[in-house]
Amino acid sequence: MQVSLHNVGGQVLRVGIRRGEKARPPLLLFNGIGANIELVEPFLDALEGPEAIIFGVPGVGGSPAPALPYRPSTLARLSARLLDQLGHKQVDVLGVSWGGVPAQQFAFQHAKRCRRLILAATSPGHLMMPGKISALLKMATPRRYKDPDYMKRIAGDIYGGALRGSPELSRAHLRHVRWSSDYGYYLQLVAGFGWSSLPWLPFLPQQTLVMMGVDDPLVPVINGRILAKLIPDAHLVTIDDGHLFLVTSAGKSAGIVSDFLR
């Protein structure tokens with residue numbers, strides 16, 4: 001990726017762009033909680049075709065913290081302004097885990113700018129079917145991003161899938177982490193509090209791909225079934241892996257996404 005800083009309406013964002021085919025709409029990615037843009041590089045390395053755009057949300061991954069807390073609607077507006085700067089009228093959108101929240105918000109708030117929507121390991125928000133309490137409690141702090149030994153101990157419990165049997169894979173996961181601040185992490189937690197897409201999912205016009213890991217302690221598959229049921233033109237695909245399947249099953253995931261976008 002080519003990484004640079006962009007001032008978008010007074011908020012500086014750390015933006016990564018993976019060059020691709022100019023004749024196609026680019027893919028705008030929204031990342032998971034606490035994750036910097038490099039975390040998706042294994043997925044992007046395996047993805048053929050479109051240009052990809054990803055940015056660190058304010059306070060995370062090298063993007064300076066904002067003056068005030070934000071909501072998903074704020075991130076949707078910020079994304080639209082960034083696309084204006086980059087010269088893109090329409091994009092495909094992918095949101096993974098926490099990033100599924102601003103992805104859904106963007107698809108609703110800027111429907112004409114979102115051609116297709118991909119929701120990976122995510123839910124309709126506050127009114128989701130919760131995962132295992134023990135796993136969710138471990139997500140309440142960013143300790144796993146700062147303590148490699150702790151991450152190795154708990155990786156299988158919180159992410160499931162490939163990391164359950166091979167926790168040492170968490171080392172490869174952590175090498176992409178560029179920690180910014182605890183404050184930015186908690187801003188992300190607060191941003192999604194009380195937010196739900198359930199009332200307006202039936203009005204999303206985009207063709208939508210919902211991807212879920214079958215062994216996901218954080219976001220059970222039933223949340224994907226709810227999304228696919230309520231979004232009119234949605235299709236659900238399950239992957240035999242855990243919450244981080246975009247990274248731990250990057251080749252398979254990228255193939256599914258590439259076929260969908262094509």
Side-chain angles (χ1 to χ4, degrees), residues 1-107 109-110 113-120 122 145 173 175-181 183-185 187-188 191-192 246-247 250 254 257 261:
M1 286 190 294
Q2 297 176 350
V3 179
S4 58
L5 297 178
H6 292 250
N7 189 316
V8 184
Q11 172 65 55
V12 176
L13 298 177
R14 183 170 180 263
V15 181
I17 298 177
R18 196 287 303 269
R19 297 300 178 188
E21 298 174 12
K22 290 294 185 180
R24 302 174 58 173
L27 178 64
L28 174 66
L29 295 94
F30 291 95
N31 219 339
I33 188 166
N36 53 286
I37 60 179
E38 286 81 4
L39 183 62
V40 299
E41 281 192 318
F43 170 75
L44 292 181
D45 287 344
L47 182 68
E48 298 179 357
E51 177 176 297
I53 303 165
I54 184 170
F55 64 91
V57 299
V60 174
S63 294
L68 297 171
Y70 57 84
R71 297 291 290 167
S73 57
T74 313
L75 293 181
R77 287 195 300 272
L78 200 62
S79 304
R81 290 180 178 180
L82 174 63
L83 293 176
D84 288 341
Q85 284 192 11
L86 298 176
H88 299 301
K89 293 183 178 180
Q90 191 178 55
V91 292
D92 296 320
V93 173
L94 188 157
V96 55
S97 189
W98 181 93
V101 170
Q104 292 173 71
Q105 184 70 45
F106 182 90
Q109 194 169 321
H110 300 282
R113 302 194 71 166
C114 178
R115 185 185 71 116
R116 292 187 180 178
L117 176 64
I118 304 162
L119 301 174
T122 193
Y145 283 130
H173 166 62
R175 71 184 174 87
H176 296 288
V177 172
R178 175 180 172 177
W179 188 246
S180 290
S181 70
Y183 177 62
Y185 186 90
L187 281 179
Q188 283 187 284
L246 282 188
V247 175
V257 170
L261 294 179

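This one's a predicted model, so the numbers in the text were calculated from it and none came from an experiment. Residues: numbered from 1 along the sequence shown.
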Please find the pair of heavy atoms, one from [X] and one from [Y], that lie closest to each other, and give the distance.
X   : Y   : answer
M1  : I37 : CE-O, 3.6 Å
V3  : E38 : CG2-OE2, 4.4 Å
Q11 : P64 : NE2-O, 2.9 Å
S63 : V57 : CB-O, 3.5 Å
S79 : L28 : CB-CD2, 4.2 Å
P25 : P50 : O-CB, 3.7 Å

I'd like to know if the side chain of [X] and the backbone of [Y] have a donor-acceptor N/O pair within less than 3.5 Å.
X    : Y    : result
N36  : G56  : no
Q188 : P58  : no
R18  : E51  : no
Q105 : V101 : no
R113 : H88  : yes

Quick check for you: to the nearest 0.5 Å, what is the distance between [X] atom [atom1] and [Y] atom [atom2]?
X    : Y    : atom1 : atom2 : value
H110 : Q90  : NE2   : CD    : 13.5 Å
L83  : C114 : CG    : SG    : 10.5 Å
L86  : I17  : CG    : CD1   : 5.0 Å
Q2   : R19  : CD    : CZ    : 4.5 Å
N7   : R81  : CG    : CZ    : 11.0 Å
I54  : E41  : CD1   : CD    : 9.5 Å

Could you check whether any side-chain heavy atom of [X] comes within less than 4.5 Å of a side-chain heavy atom of [Y], counting everything from C-beta outward?
X    : Y    : value
V15  : I53  : yes
L27  : L47  : yes
L246 : L39  : no
Y70  : L78  : no
D92  : I118 : no
I33  : Y185 : yes
T122 : F30  : no
F43  : D45  : no

Let's go through L44 and L29 carefully: what are the C-alpha distance in whole Å and the side-chain angles of both, what is the deciding distance for side-chain contact (heavy atoms from CB on, under 4.5 Å) to 0.1 Å, and is it a yes or a no? CA-CA 10 Å; L44 292 181; L29 295 94; 4.3 Å; yes
